[in-house]
There are 2 protein chains.
Amino acid sequence: MVLILDNIAKIVSLTEAEKELFLSKIETQPFKAKTILHNAGEICKHSYFVNSGLVRSFNINDNIVEHVLHFACEGWWIGDMYSLLSQKPGNLFIEVMEEAEIVLLSKENQEQLYFDIPKLERFFRILTENSLVAHQERLMDNLSLSAEERFDKFCKRYPTLIQRVPQKQIASYIGVTPEFFSKMKSRMLKK
Amino acid sequence: MVLILDNIAKIVSLTEAEKELFLSKIETQPFKAKTILHNAGEICKHSYFVNSGLVRSFNINDNIVEHVLHFACEGWWIGDMYSLLSQKPGNLFIEVMEEAEIVLLSKENQEQLYFDIPKLERFFRILTENSLVAHQERLMDNLSLSAEERFDKFCKRYPTLIQRVPQKQIASYIGVTPEFFSKMKSRMLKK
DNA sequence: ATTAGCACTTAATGTAGATTAAGAAAGTTA
DNA sequence: TAACTTTCTTAATCTACATTAAGTGCTAAT
């Protein structure tokens with residue numbers, strides 16, 4: 001059972017030959033917790049697909065504060081889209097949070113696959129569309145909802161992550177300080 | 001000169017026959033200012049490309065406050081991606097701000113074109129990727145920058161819009177009230 | 001066992017930006 | 001031209017969240 005093929009099969013169906021070609025273009029590796037897969041300031045060469053474990057992307061602003069863009073656990077893709085697409089140095093760090101097995105797809109192989117298997121261009125188009133919609137919603141939520149409401153939405157959307165992710169990182173994802181998050185959480189429990 | 005073909009030509013090159021097929025699938029219409037192209041609660045049937053004029057997408061939250069997601073002037077695409085992709089009722093309104101000429105591409109025609117002209121699937125994939133990157137950056141900016149810094153970025157990124165868009169809408173886009181925006185602007189001018 | 005490091009909590013104080021309200025300016029329609 | 005609507009400004013007050021700082025408890029390395 002190859003998780004990434006299941007992931008693709010949910011959107012497009014590949015022939016056996018296409019599956020084999022695809023598998024020949026990817027590489028699967030184990031990583032320890034705290035490994036940095038990609039550093040800000042460097043050019044991103046791969047898309048990452050998480051087979052197991054937990055990964056996050058984040059940036060660090062001038063005041064040395066981290067802001068989490070994205071968490072990815074089993075079955076999710078993650079990367080620095082800006083750097084990958086532009087092949088310029090990006091602002092994101094990508095870090096393994098829990099010991100993980102990760103599929104690497106290089107930019108060159110990805111582009112090659114678009115030519116060899118047009119269905120994969122469709123697959124990534126749809127994947128990107130879904131990601132865009134999620135980002136639009138998160139953006140609007142950040143403009144119009146309170147921190148409590150954003151946390152509620154986070155809990156509903158990513159129930160499994162709440163147990164696994166340190167709470168300071170959830171605070172960062174929803175856009176508040178760990179101190180305020182702690183206070184807010186205890187306030188919410190009282191209700 | 002057809003603006004939308006130039007727009008496509010920047011990313012993929014179509015043959016004359018493909019251009020003609022594409023043109024046969026779109027519809028161009030004039031709209032007056034204040035026309036609502038798409039209402040929240042309805043299912044979005046079209047992608048919109050702006051030939052001339054100015055359009056915005058926004059939502060309205062429980063407190064009857066508008067939040068601008070996106071402005072689109074000449075050469076930009078706009079739509080309710082969530083509703084268009086899911087074919088479910090969306091949360092966005094799409095409104096013409098300045099008398100406009102707009103290209104309509106129906107969802108069915110768009111999907112048909114993906115089959116007939118795979119290069120267009122590539123075109124929209126790349127368009128969506130670029131949009132995603134822009135949304136990721138805006139999201140991170142909202143998490144880590146002050147209102148002044150967000151306004152500075154807006155000015156640099158969309159210099160032509162500053163003259164054309166009512167300032168209360170810019171305030172909404174960067175995520176502050178019109179009152180605070182007014183105060184902030186005069187404070188910034190003093191420097 | 002001891003220390004060091006990190007996640008979390010609590011509390012005092014500070015501030016960016018919201019809210020409310022009122023008036024001035026500017027655009028729109030009759 | 002006036003009458004109406006909408007945008008913008010100013011100012012007082014309020015609050016959600018940040019900052020700073022100190023302390024608690026857990027894990028993990030020495």
Side-chain angles (χ1 to χ4, degrees), chain A residues 32-36 54 56 58 60-68 71 95-99 140-154 161-191, chain B residues 32-36 54 56 58 60-68 71 93 95-99 140-155 161-191:
Chain A
K32 286 190 188 154
K34 298 188 186 177
T35 308
I36 300 288
L54 186 55
R56 69 175 176 136
F58 64 98
I60 299 184
N61 72 1
D62 300 340
N63 312 320
I64 321 184
V65 177
E66 291 181 9
H67 290 277
V68 172
F71 297 111
E95 184 200 49
V96 176
M97 298 173 68
E98 285 173 12
E99 186 167 28
M140 295 311 261
D141 287 350
N142 281 341
L143 291 179
S144 60
L145 302 183
S146 68
E148 277 199 27
E149 290 168 321
R150 277 175 272 145
F151 179 48
D152 273 336
K153 276 201 135 183
F154 182 88
L161 286 185
I162 300 163
Q163 334 297 333
R164 288 169 73 178
V165 176
Q167 121 181 352
K168 59 179 284 195
Q169 314 250 21
I170 297 177
S172 168
Y173 183 94
I174 68 171
V176 295
T177 58
E179 293 86 356
F180 181 77
F181 187 81
S182 172
K183 194 165 64 172
M184 181 181 87
K185 213 187 55 169
S186 75
R187 186 210 306 152
M188 288 170 83
L189 280 174
K190 281 177 197 150
K191 290 176 191 166
Chain B
K32 287 189 186 154
K34 297 186 186 176
T35 310
I36 300 289
L54 185 58
R56 69 176 176 135
F58 63 99
I60 299 184
N61 73 1
D62 300 340
N63 311 319
I64 322 183
V65 177
E66 293 182 7
H67 290 277
V68 173
F71 298 112
F93 297 84
E95 183 200 48
V96 176
M97 299 173 67
E98 286 173 11
E99 187 166 27
M140 295 311 260
D141 286 350
N142 282 341
L143 291 179
S144 60
L145 302 183
S146 68
E148 277 198 26
E149 289 168 321
R150 278 176 271 145
F151 179 46
D152 274 335
K153 275 200 134 181
F154 182 88
C155 292
L161 286 186
I162 301 164
Q163 335 296 332
R164 288 168 74 178
V165 177
Q167 118 182 355
K168 60 178 285 195
Q169 314 251 21
I170 297 177
S172 169
Y173 182 94
I174 69 169
V176 295
T177 59
E179 295 85 355
F180 180 76
F181 186 82
S182 173
K183 190 167 68 171
M184 182 181 84
K185 213 187 58 171
S186 74
R187 186 210 304 151
M188 288 170 85
L189 281 173
K190 282 178 196 149
K191 292 178 189 167

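A, B, ... follow the sequence lines: proteins, then strands. Residue 1 opens every chain.
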Inset, instruction - Would you please classify the geometry between the F71(A) ring and the Y173(A) ring as parallel, tilted or perpendicular, with 30° and 60° separating the classes? - result: parallel

Look at [X] and [N] and indicate whether a side-chain polar atom (N or O) is within less than 4.0 Å of OP1 or OP2.
X       : N       : answer
T177(A) : dC17(D) : no
Q169(B) : dT7(D)  : no
K185(B) : dT9(D)  : yes
R150(B) : dA16(C) : no

Distance, rounded to the nearest Å, where [X] contributes [atom1] and [N] contributes [atom2]:
X       : N       : atom1 : atom2 : answer
L189(B) : dT9(D)  : CG    : P     : 9 Å
K34(B)  : dT7(D)  : NZ    : C1'   : 12 Å
M184(A) : dC8(C)  : CE    : C1'   : 14 Å
E179(B) : dT7(D)  : CD    : C1'   : 11 Å
F151(B) : dG17(C) : CZ    : P     : 14 Å
E66(A)  : dA7(C)  : CD    : P     : 9 Å
I170(A) : dC8(C)  : CD1   : C1'   : 13 Å
K183(A) : dG23(D) : NZ    : P     : 19 Å

Inset, instruction - Between A147(B) and F181(A), name the one whose nearest nucleotide on DNA chain C is closer to the 5' end. - result: F181(A)

Inset, instruction - Please tell me which of L145(B) and K168(A) maps to the more 5' nucleotide of DNA chain C, matching each residue to the nucleotide holding its nearest heavy atom. - result: K168(A)

[X], nearest nucleotide to its side chain (from [options]):
X       : options                   : answer
S186(B) : dC17(D), dT10(D), dA18(C) : dT10(D)
Q167(B) : dA21(C), dC8(D), dT10(C)  : dC8(D)
S182(B) : dT9(D), dC8(D), dC17(D)   : dT9(D)

Quick one, [X] and [Y] - any side-chain contact, counting heavy atoms below 4.5 Å?
X       : Y       : result
E66(A)  : R56(A)  : yes
S144(B) : E149(B) : no
N142(A) : R150(A) : yes
I174(B) : K153(B) : no

